[in-house]
Amino acid sequence: MNEFALIILATLFVTNALDVLADVLNLRALSPRVPEEFAGVYDAERYARAQEYTRVRTRFGFVTSGFDMLLLPGFWFAGGFGVLDVWVRSFGLPAIITGLCYIGILAAGRSLLALPFSIYSTFVIEQRFGFNRTTWKTFAADVLKGALLALLLGAPLLALVLWLFSSAGPMAWLYAWGAVTVIMLAVQYVAPTWIMPLFNRFAALAEGPLRDEILRYAEAVRFPMKGIFVMDGSKRSTRANAFFTGFGRHRRIVLFDTLIEKHTPAELTAVLAHEIGHYRRKHILISTALGIAQSGMMLFLLSLFVESGALSRAFFVEEHSVYAALVFFGMLYSPVSFLLSLALHALSRKHEFEADRYAVRSYRNAEALIDALKKLSVSNLANLTPHPLYVALHHSHPPLLQRIAAIRKVAGEKIPRRGKMRLRWRDVV
């Protein structure tokens, strides 16, 4: 066992141990008492149900992570990577096609093994707690569409990366970075109109009090609202959400139909103000730029190891190849990926506070935003008292009680009024 194997195994066990510790602490942080802030929002029965949901999901997480801990080392030390490499090479195909087959078989095998867990999660756990509305037909269609998209979008990009690292010399990582960046941006640009409609229906928000309130707010903050859409989220789940997606004329603000069912126009406008806050504070651009930078760093580091026969031998693959190095580097990169995820989650939580601040200062209705967040937590059976370690490892949003406290603090601040609700961006950020 060489140093690469030791690093990968150590990372695998350390990160898994941290996850288990965070889960255990998270369960211990559960309290049967409803937080004072939620008195009158959660009744005792519903709150107990929310905590039971956290327990069930956590126990299920122990099973799935335990399976993963057995699967990778088991396949690895049984010589699976080497056997698969010999078998794929026996086809006598060109190197890039061989690489696509090797990586594709590994990815397909992992997806098939994960499928029973996904089915159990959807049709047992989510069904038990009243969330699931997915039919078997919809579930199967989603799996097939996802696989087809991975094939149509992922395979050409992977082939290009393999070709570049095989033939473009020391600058291959830079050319690959450029290609990955172009494709990332192109996908984000077209996703709202070409990709997302493959899975859901989107309809323009209908005339009525909600649209009137949203347009009144949008006019006040000088934000053109040409793309407000309602998505049929109820097709799969009772969960509610809203999000901002796309660039330029493909930019969309999307409200789940389940969100509209459960909230007042003021609450929904406050939620939408939060999403506009992400746009105005350039959070979407920052996230995109960080994603591009991260891919560049990963490809550069890959270029340092792509010729390493020792990395292939760590996985009992005797004949070195670019495609095998790409797979194994992905596991060697896991310590960096883990540390980056901590930083990115922290940044995301900061962005959520900033978007809340924008919503409160621009819409001037803190209670509407608080009420919306409370209703969302109740309908989604959210854990109101997550442990700080669990938050650091897994949460892209701050704990709800912290968000509400921050919103109340912002609401107590004074900002200058500019005529009848007409505000400048710098007045509300």
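A donor-acceptor contact shorter than 3.5 Å is absent between the side chain of Lys262 and the backbone of Lys375. With Asp232 contributing its side chain and Ser234 its backbone, the two residues share no donor-acceptor pair below 3.5 Å. Ser65 places no side-chain N or O within 3.5 Å of a backbone atom of Asn16 that could act as its donor or acceptor partner. At distances below 3.5 Å, at least one donor-acceptor pair connects side-chain atoms of Ser341 with backbone N or O atoms of Phe338. For Ser121 (side chain) and Phe117 (main-chain N/O), no donor-acceptor pair under 3.5 Å exists by modelled atom type. A donor-acceptor pair under 3.5 Å is absent between the side-chain atoms of Trp194 and the main chain of Val187, judged by distance alone. Of the possible polar contacts, none joining the Arg403 side chain to the Asp356 backbone as a donor-acceptor pair under 3.5 Å is found. Between the side chain of Thr138 and the backbone N or O of Thr134 there is no donor-acceptor pair closer than 3.5 Å.
When all heavy atoms of Ala411 and Ala366 are compared, the pair lying nearest together is CB-CB, 3.6 Å. Val221 and Ser362 get closest at one heavy-atom pair: CG1-CB, 3.8 Å. Across all their heavy atoms, Leu373 and Ile407 have their closest contact at CD1-CD1, 3.7 Å. Between Ala325 and Leu311, the closest heavy-atom pair is O-CD2, 4.0 Å. When all heavy atoms of Phe131 and Ser379 are compared, the closest pair comes out as CE2-O, 3.1 Å. Residues Thr64 and Gly61 approach most closely at OG1-O, 3.0 Å, considering heavy atoms.
Counting only heavy atoms from C-beta outward, the side chains of Leu376 and Leu259 approach each other to under 4.5 Å. Between Asp371 and Thr264, the closest side-chain pair of non-hydrogen atoms is not below 4.5 Å. Between Arg216 and Thr269 the shortest side-chain heavy-atom distance does not fall below 4.5 Å. Contact check for Arg236 versus Glu126: no side-chain heavy atoms found under the 4.5 Å cut-off. Annotation: side chain of Tyr47 is in contact with side chain of Leu384 (closest heavy-atom distance under 4.5 Å). Looking at heavy atoms from C-beta onward, Met298 lies out of side-chain contact with Val336 at the 4.5 angstrom threshold. Within the 4.5 Å cutoff, no side-chain heavy atoms of Leu148 are placed close to those of Leu198. In this structure the side chain of Thr15 never reaches within 4.5 angstrom of the side chain of Ser334, judged on heavy atoms.
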- Chi angles and distances behind the side-chain contact (heavy atoms from CB on, under 4.5 Å) call for Leu106, Phe75: CA-CA 11 Å; Leu106 287 173; Phe75 184 76; 4.0 Å; yes
- Task: Given side-chain contact (heavy atoms from CB on, under 4.5 Å), test Arg133 with Ser237 step by step and report yes or no.
- Result: CA-CA 5 Å; Arg133 289 183 180 174; Ser237 175; 5.8 Å; no
- Task: For Tyr323 and Asp85, run side chain to side chain donor-acceptor pair (under 3.5 Å): C-alpha distance rounded to whole Å, both residues' side-chain angles, the deciding distance at 0.1 Å, then the answer.
- Result: CA-CA 10 Å; Tyr323 60 80; Asp85 184 57; 2.6 Å; yes
- Show the numbers, then the answer: is there a side-chain contact (heavy atoms from CB on, under 4.5 Å) between Glu352 and Gln402? CA-CA 11 Å; Glu352 293 301 319; Gln402 291 182 18; over 6 Å; no
- Might you work through the ring pair (Phe, Tyr, Trp, His ring centres under 6.0 Å) test for Trp136 and Phe123, ending with a clear yes or no? CA-CA 9 Å; Trp136 283 99; Phe123 293 101; 4.0 Å; yes
- Query: What's the verdict on side-chain contact (heavy atoms from CB on, under 4.5 Å) for Tyr217 and Glu213, showing C-alpha distance, side-chain angles and the deciding distance?
  - Reply: CA-CA 6 Å; Tyr217 164 75; Glu213 178 67 7; 5.6 Å; no
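Sorted by first then second residue, the ring-ring contact (aromatic ring centres under 6.0 Å, His included) pairs that include residues 2-34, not counting sequence neighbours, are Phe4-Phe305.
Taking Phe328 as the reference, Phe81, Phe315 meet the ring pair (Phe, Tyr, Trp, His ring centres under 6.0 Å) condition, with sequence neighbours excluded. With sequence neighbours excluded, the residues satisfying ring pair (Phe, Tyr, Trp, His ring centres under 6.0 Å) with Tyr390 are His394, His395. With sequence neighbours left out, the ring pair (Phe, Tyr, Trp, His ring centres under 6.0 Å) criterion links His274 to His278.
The pair Arg59-Glu52 meets the salt-bridge criterion, since a charged nitrogen lies less than 4.0 angstrom from a carboxylate oxygen.
Side-chain polar atoms of Tyr358 and Arg281 form no donor-acceptor pair below 3.5 angstrom.
Of the residues listed (Tyr120, Phe67, Phe129), the one engaging Phe60 in a ring pair (Phe, Tyr, Trp, His ring centres under 6.0 Å) is Tyr120, and it is the only one.
Using cut-offs of 30° and 60° on the angle between ring planes, the pair His283 and His351 is parallel.
Atoms NZ and CZ, on Lys409 and Phe353 in that order, are 10.5 Å from each other to the nearest 0.5 Å. In this structure, Leu268 CG and Leu205 CG are separated by 9.0 Å, a value rounded to the nearest 0.5 Å. Going from atom CD of Glu275 over to atom CZ of Phe223 covers 10.5 Å, rounded to the nearest 0.5 Å. Here the straight-line distance linking atom CD1 of Ile125 with atom OH of Tyr53 works out to 7.5 Å at 0.5 Å rounding. Residue Asp19 holds its CG atom at 11.5 Å from OG1 of Thr58, rounded to the nearest 0.5 Å. Atom CD in Gln51 sits 7.0 Å away from atom CG in Asn383 (nearest 0.5 Å).
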Show me, pair by pair, the donor-acceptor contacts under 3.5 angstrom made by side chains of residues 20-33, not counting sequence neighbours?
from	atom 1	to	atom 2	distance (Å)
Asn26	OD1	His387	N	2.9
Ser31	OG	Arg33	N	3.3

All N/O donor-acceptor pairs, side-chain side in residues 34-45, below 3.5 Å, sequence neighbours left out:
from	atom 1	to	atom 2	distance (Å)
Glu37	OE2	Lys374	NZ	2.8
Glu37	OE2	Arg408	NH2	2.6
Tyr42	OH	Ser377	O	3.0
Asp43	OD1	Glu45	N	3.3
Asp43	OD1	Arg46	N	2.6

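Within a 6.0 Å radius of CZ in Arg201, other residues, nucleotides and ligands contribute 12 heavy atoms or fewer.
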